[in-house]
Amino acid sequence: MAGDTHTGLLDRPPAPSEAVDDLAPLAAALAMAAGNRRRARVLGGLPGGWRNVRSQPRTVTFEETGPVTYDPLPPDVRVVRAGPDEVVLERDGVRRTYEVARYEPEGPLYVDHAEGAARLTPLPRLPEPAEHTAPGSLLAPMPGSVLRVEVAPGDRVTKGQTVLVLEAMKMEHRITAPADGVVSGVHVEKGRQVDAGEVLAIIQEGDS
């Protein structure tokens with residue numbers, strides 16, 4: 001009707017709609033729950049998420065949308081059926097079908113529906129705790145023992161100066177200052193066994 005088509009229409013079809021139905025994340029969460037239930041090897045006959053004392057809502061957090069609660073459901077939504085590959089929801093008397101695909105066990109979910117498609121990436125339910133290290137921390141590159149410590153807290157160092165020496169695999173490994181600065185902390189002493197990634201010393205860049 002707008003007159004913007006041309007003879008190359010069949011060779012280059014229009015891009016699919018990227019409109020995200022507000023129920024698509026809920027459908028993805030229900031599909032994930034159904035998939036988990038299908039793969040369950042213990043008490044497989046119980047409904048997904050069953051517990052005798054309901055305490056907290058069941059949620060899935062997607063990178064694109066944030067947390068999505070699927071148990072309990074929103075009061076205006078009814079599940080007609082929910083499987084790992086297809087979810088049918090009803091709201092205001094209208095049924096909506098969502099086709100769900102996941103090509104990798106830990107990969108994103110692709111949700112297709114009448115109004116478009118959505119790509120949703122679930123985040124780990126129990127992520128690994130993040131390790132926090134102070135800026136300027138010098139970390140052990142491998143397990144070993146401290147052969148020498150050549151600085152003390154308060155010493156000024158220049159870029160490339162040896163801070164300490166590790167012995168690992170019968171070789172000496174120099175740990176050097178990454179920049180000019182002041183040694184604000186030394187966390188090891190001669191003879192100490194260290195693990196890979198352990199903080200050895202901290203260099204505060206600058207003159208302070």
Pairwise side-chain contact, P122 with L120, heavy-atom cut-off 4.5 Å (strictly under): no
Candidate pair R95 and V80, rule side-chain contact (heavy atoms from CB on, under 4.5 Å), full reasoning: CA-CA 8 Å; R95 291 191 177 186; V80 178; 3.7 Å; yes
Any idea which heavy atoms bring D112 and A117 closest together, and the distance? OD1-CB, 3.2 Å
Heavy atoms, side chains only, cut-off 4.5 Å: are E86 and T97 in contact? yes
Which heavy atom of P141 sits nearest a heavy atom of I175, and at what distance? CD-CD1, 3.8 Å
Is any side-chain heavy atom of V77 closer than 4.5 Å to a side-chain heavy atom of L23? yes
Lys/Arg N to Asp/Glu carboxylate O, R91 vs D22, below 4.0 Å: yes
With heavy-atom distances below 4.5 Å as the criterion, would you say the side chains of L200 and V163 are in contact? no
Are R192 and E198 within salt-bridge range, i.e. N to O under 4.0 Å? yes
Within the structure provided, determine whether P74 and L26 are in side-chain contact (heavy-atom separation under 4.5 Å). yes
Please step through side-chain contact (heavy atoms from CB on, under 4.5 Å) for the pair T59 and V68, ending with a clear verdict. CA-CA 5 Å; T59 63; V68 176; over 6 Å; no
R102 side-chain N/O to G107 backbone N/O, donor-acceptor pair under 3.5 Å: yes
Decide whether L73 and V100 are clustered together by the hydrophobic rule: side chain heavy atoms of Ile, Leu, Val, Met, Phe, Trp, Tyr closer than 4.5 Å, transitively. yes
V151 and L164, any side-chain heavy atoms less than 4.5 Å apart: no
Find out whether E205 and D180 are in side-chain contact, i.e. whether some heavy atom of one side chain is under 4.5 Å from a heavy atom of the other. no
What residue among E150, R174, R148 forms side-chain hydrogen bond (donor to acceptor under 3.5 Å, both in side chains) with T162? R174
Is it true that R96 and E90 have a side-chain N and a carboxylate O under 4.0 angstrom from each other? no
Set out, in order, the CA-CA distance, both residues' side-chain angles and the distance that settles side-chain contact (heavy atoms from CB on, under 4.5 Å) for L147 and E172, then state yes or no. CA-CA 8 Å; L147 191 62; E172 293 186 7; 3.3 Å; yes
Y110 side, atom OH; R119 side, atom CZ - distance, nearest 0.5 Å: 4.5 Å
So, taking the atom named NE2 in H187 and the one named OG in S137, what distance separates them when rounded to the nearest 0.5 Å? 7.0 Å
Heavy atoms of A33 and R58 approach each other most closely as CB-NH2, 4.3 Å
The test is side-chain contact (heavy atoms from CB on, under 4.5 Å); show your working for V146 and V194 and say whether it passes. CA-CA 7 Å; V146 179; V194 297; 4.1 Å; yes
Can you give me the closest heavy-atom contact between A177 and V157, atom names plus distance? CB-CG2, 3.8 Å
Determine whether the side chains of T121 and E64 contain a donor N or O and an acceptor N or O closer than 3.5 Å. yes
Using a 3.5 Å distance criterion without hydrogens, assess whether the side chain of D155 forms a donor-acceptor pair with backbone atoms of A152. yes
Would you give the length of the straight line joining atom CG of L166 to atom CE of M142, rounded to the nearest 0.5 angstrom? 8.0 Å
L89 and V79, any side-chain heavy atoms less than 4.5 Å apart: yes
About how many Å separate CE of M171 and CE of M169, when rounded to the nearest 0.5 Å? 8.0 Å
Here the pair of heavy atoms bringing P84 nearest to A34 is N-CB, 3.7 Å
Using every non-hydrogen atom in the two residues, find where P25 and F62 come nearest and quote the distance to one decimal. O-CE1, 3.5 Å
Does atom CD (E106) have a neighbourhood of more than 12 heavy atoms from anything else shown, all under 6.0 Å? no
